[in-house]
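Here is the naming used below: chain letters follow the sequence lines, and residue numbers restart at 1 for every chain.
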Amino acid sequence: MTTIEKDATSLGSTTPVMTPDLINQVGSGVPSHELSYQEAIREALREEMVRDESVFLLGEDIGVHGGAFGVTRTLFDQFGPERVRNTPISENTIVGAATGAALVGMRPVAEIMFVDFSGLAMDQIANQAAKLRFMTGGQCSVPWVLRMPQGGGAGKSTAAQHSQSLEVWYAHIPGLKVVFPSTPYDAKGLMKAAIRDDNPVIFLEQKFLYSFRGSVPDEDYVLPLSECDVKRTGSDVTVVASGYMVWHAMLAAEILAGEGIDVEVVDVRTVSPLDEDTIGASVRKTGRAVLVAEACRSYGPTGEWGMVVMEHAFDYLQAPIVRVAGRDSPIPFANSIEAGVWPDSQDIVKAVRGVME
Amino acid sequence: MTTIEKDATSLGSTTPVMTPDLINQVGSGVPSHELSYQEAIREALREEMVRDESVFLLGEDIGVHGGAFGVTRTLFDQFGPERVRNTPISENTIVGAATGAALVGMRPVAEIMFVDFSGLAMDQIANQAAKLRFMTGGQCSVPWVLRMPQGGGAGKSTAAQHSQSLEVWYAHIPGLKVVFPSTPYDAKGLMKAAIRDDNPVIFLEQKFLYSFRGSVPDEDYVLPLSECDVKRTGSDVTVVASGYMVWHAMLAAEILAGEGIDVEVVDVRTVSPLDEDTIGASVRKTGRAVLVAEACRSYGPTGEWGMVVMEHAFDYLQAPIVRVAGRDSPIPFANSIEAGVWPDSQDIVKAVRGVME
Amino acid sequence: MGIDNAAKVEMYRRMVLIREFEIAAMDLFKRGEIKGAVHPYIGQEASGVGVCTALEVEDLIAGTHRSHGHNLAKGARPDRMMAEILGKEAGYCKGRGGSMHIAAFDTGSLGALAVVGSGIPIAVGAALAFQMKGQSHVTVPFTGDAGTNTGNWHEGLNMASTWKLPVVFVLEDNKYGVSTNIRDATNIEDLSIRAKSYGIPGVRVDGFDVLAVYEATVEAVFRARSGDGPTLLVTESYRLEGHYAGEPEVYRERSEVAEKWKHDPIPSFRRILADSGVASSDQLDAVDAAVKAEIVSAVEFAKASPEPDSSTRVDYIYA
Amino acid sequence: MGIDNAAKVEMYRRMVLIREFEIAAMDLFKRGEIKGAVHPYIGQEASGVGVCTALEVEDLIAGTHRSHGHNLAKGARPDRMMAEILGKEAGYCKGRGGSMHIAAFDTGSLGALAVVGSGIPIAVGAALAFQMKGQSHVTVPFTGDAGTNTGNWHEGLNMASTWKLPVVFVLEDNKYGVSTNIRDATNIEDLSIRAKSYGIPGVRVDGFDVLAVYEATVEAVFRARSGDGPTLLVTESYRLEGHYAGEPEVYRERSEVAEKWKHDPIPSFRRILADSGVASSDQLDAVDAAVKAEIVSAVEFAKASPEPDSSTRVDYIYA
Ligand SMILES: Cc1ncc(C[n+]2csc(CCOP(=O)(O)OP(=O)(O)O)c2C)c(N)n1
Ligand SMILES: Cc1ncc(C[n+]2csc(CCOP(=O)(O)OP(=O)(O)O)c2C)c(N)n1
Ligand SMILES: [Mg+2]
Ligand SMILES: [Mg+2]
């Protein structure tokens, strides 16, 4: 699978391979254009900044430099230093400043360069922004978006302090919404929804997906912040995943289709609040569930998903719920041991075969 | 149940009531003395500081003032300002300083006054202390303990920024051990083990339990940081809980015993690494599991415990796994709506009756 | 100075209002009628009133765990404040916040944040919004002496000074952070010197002197509104009561506290007003009496109002 | 100054060693043989070497994402460093850390922490341990100009100054944090002024001048060992390469960089050594040649050594 993981766009020789056509979200005939995940986020930011002048961006090196991953590139030229605002290295204060601006009518989109650094900002995220509306009895709301690239990609060697997947830290905190798109289409539609939403929204971007391409409609659209998305319908087993793992799930589904196993893939593109109904309905139909997350296994997202299956589909289960998750380890630098720290299609294939026995 | 929750020691009129004899951990005849949970932690700190001069305490107002909950009271008089060290209000630096001292041979026990404030220290906790040994290829270890009072107690009205239960934040991070004692006996034995352990140990203290009393052996003892503890054996249903919820589970078990339901209570006194075997074995025996946590329900500890049951006892399940957890809400100040934000014995009783049907 | 007699009497009235409010709150707390904690502002009234008298309604303050005084000084109603502290639906935060989290947006208080230092970044962000929208309002985050040692404080002053934001950082030096004397938590005598790290003015005033605080704030606010950026204003007073109501105070001598009571800002300001003929002591007695009555009815109002209905328990978690 | 000719030549050698090491690393990175990122220390060699020459083996440095130079200056072996950067078991961190996380405890480097500012609290804690144990060692955390705006930096200097800990805070001002000029991230010209906030000496030296850096460090270390507490030492130089190897540098003019290359600390120090007769240019040529050869074999060593065996993947997570 390494070849499949190594390059995001054309993924080597093994067939089936991970190519954009694994996921098509725009109906034929609908006027559309192709974008990378990174471009889709940028397009959403650009359109919302044009539409609403209360929207502005703040973060480290997001100006001329365009941010660590180039997401904000060219926005500085178009909107200038006021609305595409470089900050000092002050993560907690970047988030707190976004909160303060949001309290008085702005709609800030803040960036923390790597989700790992949010360890410095958890107070402003979880104790202040998430709770202010409640603590004040509804006197205010905090309409910001916090963009944080997360996760890894085999062979990238970003090591222990630049590769984590931490959605659970936020999803466990009431008052926050947590979004984690897997495709350009979802990234654009969810970013627009996040910006227009009146709550603090954690917007997680899987770094390895930035170069992934896909079609998005030409016309303006937003996606609900309250739904899981069925990326592939199937009757035998439900694979629940989010972010980059959705692609591995889709690829696994292709491989398994060749073995006559019909896989349904549920994309938890909004991690919180969790759309329990879609997960429950899917497993009631298939009777089997495999839960996949890039995040560390222990106390990770798959635990919550598993209990949701338990609560909504126990009587329908024909096999134990199985999870496929990240190794409980800091992310190593060396490729030889970084290999396998995150799940891939083969792991999912094995797990699905297991529950089909 | 409010009377039961209101006062920690003698809990009102309803029978059975929550009294120390709900949990007896010291065999009769063993020389022992009675301590409160708070005194037990202090006694462990005192004995370890006497035993090993590399052990010292640092935190805000832990000196003459004895800390926000009086845990370190009198230690300042005995050990002085060097080893019972008041710090400025600098949570991230308190933890980082503990790490630095641990790297060069000390065994610091740091205190963050309320677990909520650890939002300011997550970088030093999760990105530095937890990962340093791994990142350096084993060149060093970080033998510290981080004490953090957490949780609430109905009627206390500590509100949104002083009442959270955040064990999942730490338990999801490899490299950390997470301990959460429910009794004086466990608090003392686990604190001694935590101090002697060579890893960073998150030591969570349930605030409402500080006044709870129980017997501890006179002789020196340590408890393993790797085990769940079966607080009560039973054959019909397994209740998995930790912290204050263990007491509600024990009380529920008493009530249910009167109905002929035989409850086993498994205390997850070490939250991470999780002792999956004890949970699995218990549910394979009882065939039923109720998971109880004070922490918010979504993406909380019960999810992990549920998947562990699923992985170790699926074929033995006679009923769906049920969880009883904290409301997904910031903690309100007003008693009328704080009520019910945390589970209590009655909720557990209802859940157990449910799985017994 | 540009402040008339009526305004001076109003400053006096607010100081007395804060004092009486805190006495009532401490009393209710000791009798178990207030849950949680009460952090009295007693001894610091001149700081909050001096600062807030220099502000407009649209200017926003950000408070701390010790913000009854800040809110009352900014114009919040004592009855709705007391209702909040008693956890009632009629409270400013509908009973959700309590003593440590009182926000009153209608009078320009964006909230009391009980995590020390956490109000700083939020006030900086609100000031950024004012600057971007071309509004001339200022924000005023309050912190204590101990709060100046938090990372938030440094990051916030650095960011605000870099962007020349309209912020007046009020550092209320009452000498202690809980049990820790500020001298044992920093290596400097004069906290206002920290302004140098940000290239902004650092001003130090007698926090017992309401007029001195007022004048210093007027200057800082003028600077901020003129686009010249933030000021660090250190008001030096003393926490005359325990850290919280009922706190044992094992860390300081009774005599030290007794000595400081001689600086009680209320009688001294009263003397100034009387001696300078701003108001007769009869007039001031009347003010005192009116305030006492207002507090009595505030407590009655608070006690009489209902707690939040349990059916509303999940309101306001999401917008 | 108390440093003999041999020592000066060794300083020169280490500067050249760092330069050649970084050139080799950048080259390997561009050819895809190094994964992750490489943050070259080129232009700042005089800072790291000047500082570390004033330290004993037992003194501990704490590094950043840009710490190849710090480690080599402190005495780390280039072969094991290169092996680490290539992710090999023979690397200092057995390939677990890589370029951004090189620790070499045997030569007094407690680790490179890639979260900006995060090494500060750790170095403060190590200094606390030295103080408590009555040892005379010092700790030296390095941070960049941008790192001075982090909360960690403020908290760490405050705590160290309050407790008079043996720390030398080295702030390497290379003018940029990634794309952001320090002038756009603070409101002051002279970063050393921030020492006033902690009542400690703030010293500013030419970071291109290895002898000046050395002398300033000797003084700060003496202070620290004498129990007089920390010093803030600002070394002003320039980042002559991109933030990381291959970084586009859209935020600065080529001409600005070209101008700064004239201050390249290596040729200038070489000139001083030759002119002052400390070493002949033949001797220095020999040093250059020896270093080049050492780097070549370091690269060979690194390439030849095996990656960690996959069976060891879960080692070192827990002690
Ligand atoms: C980040 C954080 N750490 C610790 C606490 C506990 N605490 C509450 S008030 C306080 C002291 C604050 O002192 P100061 O800033 O001087 O304000 P004062 O209480 O004197 O008004 C502390 C340590 C907290 N609320 N937040
Ligand atoms: C807390 C944190 N925020 C952001 C980053 C991303 N980042 C890495 S280096 C850097 C710039 C650091 O600049 P400076 O402190 O001047 O050091 P230099 O790179 O110039 O050596 C940034 C923003 C990080 N590693 N840590
Ligand atoms: Mg104070
Ligand atoms: Mg720099």
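- Contacts between B/Pro332 and chain A at a heavy-atom distance below 4.5 Å involve backbone atoms as well as side-chain atoms.
- Taken from OH in A/Tyr299 to CH2 in B/Trp305, the straight-line distance is 6.0 Å, to the nearest 0.5 Å.
- Residues A/His172 and B/Val168 share a closest heavy-atom pair of CD2-CB, 4.2 Å.
- With chain B as the partner, the residue from A/Arg327, A/Glu167, A/Gln124, A/Gln128 showing the most heavy-atom pairs under 4.5 Å is A/Gln128.
- In this structure, the portion of B/Gln164 lying under 4.5 Å from any heavy atom of chain A is its side chain and not its backbone.
- For chain B, no part of A/Val309 is nearby; none of its heavy atoms comes within less than 4.5 Å.
- For B/Thr302, the part sitting under 4.5 Å from any heavy atom of chain A is the backbone (N, CA, C, O) and nothing else.
- Interface check for chain A: of the options B/Gly300, B/Pro174, B/Ser329, B/Ser272, the most heavy-atom pairs under 4.5 Å are formed by B/Pro174.
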Open item on the list: Could you go through B/Met310 and A/Arg323, starting from their C-alpha distance and side-chain angles, then the distance that decides it, and tell me whether this counts as side chain to side chain contact (heavy atoms under 4.5 Å, CB included)?
Closed with: CA-CA 10 Å; B/Met310 177 62 54; A/Arg323 54 180 169 177; over 6 Å; no
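- Residues A/Met122 and B/Gly119 come closest through the heavy atom pair CB-O, 3.3 Å.
- Heavy atoms of A/Asn92 lying under 4.5 Å from chain B belong exclusively to its side chain.
- Distance CG/A/Asp116 to NZ/B/Lys131: 7.5 Å, rounded to 0.5 Å.
- Counting heavy-atom pairs under 4.5 Å between each of B/Ala126, B/Gly306, B/Ser298 and chain A puts B/Ser298 at the top.
- For A/Ile173, the part sitting under 4.5 Å from any heavy atom of chain B is the side chain, from C-beta outward, and nothing else.
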- [ ] Carefully, step by step, assess B/Arg297 and A/Glu276 under the rule salt bridge (Lys or Arg N to Asp or Glu O under 4.0 Å).
- [x] CA-CA 13 Å; B/Arg297 175 189 191 88; A/Glu276 305 190 356; 5.5 Å; no
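- Heavy atoms of B/Ala319 lying under 4.5 Å from chain A belong exclusively to its backbone.
- The shortest heavy-atom contact between B/Asn127 and A/Gln161 is O-NE2, 3.0 Å.
- Residue contact with chain B, scored on non-hydrogen atoms closer than 4.5 Å, involves the side chain of A/Phe314 exclusively.
- Per-residue counts of heavy-atom pairs under 4.5 Å with chain A were compared for B/Leu166, B/Leu120, B/Leu274, B/Leu291; the largest is that of B/Leu120.
- Taking all atoms of both residues into account, the shortest heavy-atom contact from B/Ile321 to A/Met307 is O-CE, 3.8 Å.
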